[in-house]
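Worksheet: the structure to be examined is printed underneath.
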Amino acid sequence: MKTIKIKLKRSLIGKPKDHKDTVKALGLRKINHVVEHKDTPQIRGMIRKIDYMVELID
């Protein structure tokens with residue numbers, strides 16, 4: 001299965017709790033931290049929820 005890399009590009013300070021929980025569930029910790037996940041509909045939905053805070057890396 002294809003994988004995607006996700007990079008946290010904005011701080012969690014002042015963000016809603018559910019957005020912070022989504023970032024934590026993706027395994028992102030600090031700004032510029034990159035994680036790799038399988039490209040599934042569940043992961044895509046999480047990315048869509050916090051799309052203003054993350055960046056997809058090719």
Side-chain angles (χ1 to χ4, degrees):
M1 181 174 273
K2 185 179 173 187
T3 61
I4 53 175
K5 291 183 180 179
I6 309 162
K7 179 179 180 179
L8 184 63
K9 63 179 183 177
R10 297 203 48 188
S11 172
L12 298 177
I13 297 171
K15 303 299 186 281
K17 183 176 181 344
D18 59 331
H19 290 201
K20 290 180 185 180
D21 292 344
T22 302
V23 170
K24 186 176 180 180
L26 285 170
L28 294 164
R29 294 183 181 88
K30 296 181 177 183
I31 296 175
N32 292 326
H33 185 218
V34 177
V35 294
E36 193 169 340
H37 285 284
K38 291 181 180 177
D39 191 4
T40 63
Q42 293 83 4
I43 297 296
R44 286 286 178 168
M46 294 168 84
I47 292 169
R48 193 173 307 115
K49 183 173 185 175
I50 56 168
D51 62 349
Y52 66 98
M53 291 175 23
V54 296
E55 174 183 353
L56 293 180
I57 301 173
D58 293 332

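Scope of the values below: all heavy atoms of this structure, side chains included, with no hydrogens, waters or symmetry mates.
- Here the straight-line distance linking atom CG of Asp21 with atom NZ of Lys15 works out to 14.5 Å at 0.5 Å rounding.
- Annotation: the span from Ile47 atom CD1 to Leu56 atom CG amounts to 5.0 Å, rounded to 0.5 Å.
- To the nearest 0.5 Å, atom CG of residue Leu12 and atom NE2 of residue His19 are 11.0 Å apart.
- With a 4.5 Å cut-off on side-chain heavy atoms, Met46 and Ile43 count as touching.
- Linking ILVMFWY side-chain heavy atoms closer than 4.5 Å, directly or via other members, places Val34 and Ile4 in two distinct hydrophobic clusters.
- Residues Tyr52 and Lys9 are not in side-chain contact: their nearest non-hydrogen atoms beyond the backbone lie 4.5 Å or more apart.
- Contact of the Lys2 side chain with the Lys38 side chain is not registered, since no non-hydrogen atoms from C-beta on lie closer than 4.5 Å.
- Placement of Val35 and Ile57 in two distinct hydrophobic clusters is found when ILVMFWY residues are connected by side-chain heavy-atom separations under 4.5 Å, directly or transitively.
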List the steps, then state whether side chain to side chain contact (heavy atoms under 4.5 Å, CB included) holds for Leu8 with Glu55. CA-CA 7 Å; Leu8 184 63; Glu55 174 183 353; over 6 Å; no
Apply the test side chain to side chain contact (heavy atoms under 4.5 Å, CB included) to residues Lys49 and Asp18: give CA-CA distance (whole Å), side-chain angles for both, the deciding distance (0.1 Å), then the verdict. CA-CA 9 Å; Lys49 183 173 185 175; Asp18 59 331; 3.3 Å; yes
Would you check, one step at a time, whether the test side chain to side chain contact (heavy atoms under 4.5 Å, CB included) holds for Arg44 with Asp39? CA-CA 7 Å; Arg44 286 286 178 168; Asp39 191 4; 2.8 Å; yes
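- By the 4.5 Å heavy-atom criterion applied to side chains, Thr40 and Met1 are counted as neighbours.
- With values rounded to the nearest 0.5 angstrom, Ser11 atom OG is found 8.5 Å from Lys20 atom NZ.
- Using a distance-only test at 3.5 Å, with no hydrogens or angles considered, a donor-acceptor pair links the side chain of His33 to the main chain of Arg29.
- Side-chain contact between His37 and Leu26 is present, with heavy atoms from C-beta onward closer than 4.5 Å.
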